[in-house]
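Taking it in order: structure first as structure tokens, then the write-up.
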Protein chains: 2
Amino acid sequence: MRADARRNYDHVLAVARTVLTEQGADASLRDVARRADVGLGTLYRHFPTREALLEALLRTSFDKLAAEAAELELSSSPRPALVAWLRDCVAFTHEYRGVISPMVAAIEEPESALHASCVTMRAAGTRLLSRAQNAGVARSDIDGVDLFALIAALAWLNDQPSTAPRACHLMDVIADAILTGPVRDDDDVAPSPPPTGQSPRG
Amino acid sequence: MRADARRNYDHVLAVARTVLTEQGADASLRDVARRADVGLGTLYRHFPTREALLEALLRTSFDKLAAEAAELELSSSPRPALVAWLRDCVAFTHEYRGVISPMVAAIEEPESALHASCVTMRAAGTRLLSRAQNAGVARSDIDGVDLFALIAALAWLNDQPSTAPRACHLMDVIADAILTGPVRDDDDVAPSPPPTGQSPRG
DNA sequence: ACCTGAACACCGTTCAAGT
DNA sequence: ACCTGAACACCGTTCAAGT
């Protein structure tokens, strides 16, 4: 990559970060190019689709989420690990208002530049969920696809001005729906998971 | 209202119903006018905003939902009444893909043409929720605002191609989160969880 | 009263022409 | 190699001119 191209790439990305933070993930790309003092074609050359731009903007955060999931698997017991990760997923999508829609769309479109990142994120969630299920602290009738959908729903609520104030509370409600068993949170590694996986609720 | 105006109004509304059913609530209004063989100004005269058009399209369904809520309060016990109404709310928003966003936005904007209908809908839900709470079958730490948000979240999931197939299941999960106490009610259908408490399926 | 559609200010996307 | 911006096909919204 030529030096001037690299410079343009970085500069457009920086400006895009500002503009999309202000106006959301569906901000005008024309406006981004304008504020970056760059031809419209230059923006499209470096980021052929909006998804490509979003992926570049979010890559670091995606990686952090994956790393955090791996870390939580070692450092925390199943229940608080899952809860903490859910919370951070929703906070992550709040980085750019409206970004959850393209993410949800991308997860079933392998051509999308966001596809791989979303699939990886879902896989990390699936692992944390399975671990919680094996420990008998998560309901057994949901899977990683459901979990990703619930995270997306919460992220969407977090993006709507009228529901955002309740997002934390609704997160707790939905976490309650996912998690079962004893309320005790900050325990160490799961002691003895029930053999049958059957957990009484209520 | 003059006869020709009335005719235009009705015709535009009928065409809009077709177009928005096909393309979602954010379809091109220009396209509606075109397919209705009507000047663009005529459309805007009768429906000054997109919300006004949506309100006109949905009025009947809004009324039905309100009537149903009142009916369920008399005919069914608290738990199945709330569950049935939730289900119908989500089905209702599925009438036009993407209509839940303007609805959620409208509920805090009194100027919106959708405002009154959404507030009424939320109030109906609040009544059914309070009734369930007083009967001890719904968790007491949520209110009508939360309920409306949860319905909206489910409606949104129902609109996304990748999550729509799970919408019914996720509705059950969230219904479980809202509802508490004994699963079996003395009458009516409550198709969510099996009597023993935890669903097998694993 | 009501209808019409041109006009204006925006998009996203492409691509011939420049450096 | 890379950049530029005009060109094209779309929007939503308004409003002078027509009937």
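Every chain is numbered from 1 and lettered A, B, ... according to where its sequence line falls, protein lines coming before strand lines.
- The pair B:R34-B:D31 meets the salt-bridge criterion, since a charged nitrogen lies less than 4.0 angstrom from a carboxylate oxygen.
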Atom pairs, protein N/O to nucleotides 2-5 of chain C N/O, distance under 3.5 Å:
residue	atom	partner	partner atom	Å
C:dC2	OP1	B:R2	N	3.1
C:dC3	OP1	B:N8	ND2	2.3
C:dC3	OP2	B:H46	NE2	3.4
C:dT4	OP2	B:G39	N	2.9
C:dT4	OP2	B:T42	OG1	2.8
C:dG5	O6	B:G41	N	3.2

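- A side chain to side chain contact (heavy atoms under 4.5 Å, CB included) with A:L147 is found for exactly one of A:L86, A:T126, A:L128, namely A:L86.
- Regarding B:L43, its CG atom lies at a distance of 17 Å from the P atom of C:dA6, rounded to whole Å.
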Strand DNA chain C as a dot-bracket string - pairs counted if Watson-Crick or G-U with both distances under 3.5 Å, | where the partner lies in another strand
||.|||||...|||||.||
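- Distance, A:R34 CZ to C:dA9 C1': 11 Å, rounded to whole Å.
- In this structure, B:L29 places its CG atom 12 Å from P of D:dT14, rounding to the nearest Å.
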Derivation of the salt bridge (charged side-chain N to carboxylate O under 4.0 Å, His left out) call for B:E55 and B:R59:
CA-CA 6 Å; B:E55 205 277 336; B:R59 167 153 297 290; 2.4 Å; yes
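- Across all strands, B:A3 comes closer than 4.0 Å to no nucleic acid atom at all (heavy-atom distances).
- Dashed line: the shortest gap from a side-chain N or O of A:R50 to OP1 or OP2 of C:dG12 is under 4.0 Å.
- When rounded to the nearest whole Å, the span between CG of B:D31 and P of D:dC11 equals 6 Å.
- Within the 4.0 angstrom heavy-atom criterion, only backbone atoms of the sugar-phosphate kind lie near B:A27; the bases stay farther away.
- Once rounded to the nearest 0.5 Å, the distance linking CD1 of B:I178 with CD1 of B:I142 reads 5.0 Å.
- A:R7 comes within 4.0 angstrom of nothing in the nucleic acid, heavy atoms only.
- Of the inter-residue distances, the one linking A:R50 atom CZ with A:L20 atom CG reads 7.0 Å to the nearest 0.5 angstrom.
- Per the geometry, OH belonging to B:Y44 stands 16 Å off P belonging to C:dA6, to the nearest Å.
- Taking side-chain N and O atoms only, B:S28 has a distance below 4.0 Å to OP1 or OP2 of D:dG12.
- Atom CG of residue A:L43 and atom NE2 of residue A:H11 lie 11.5 Å apart, to the nearest 0.5 angstrom.
- Note: A:W156 and B:W156 have parallel aromatic rings, judged against thresholds of 30 and 60 degrees for the angle between ring planes.
- Between atom CZ of residue B:R122 and atom CG of residue B:D146 there is a gap of 10.5 Å, rounded to the nearest 0.5 Å.
- Between the CZ atom of B:F148 and the CE atom of B:M103 there is a distance of 4.5 Å, given to the nearest 0.5 Å.
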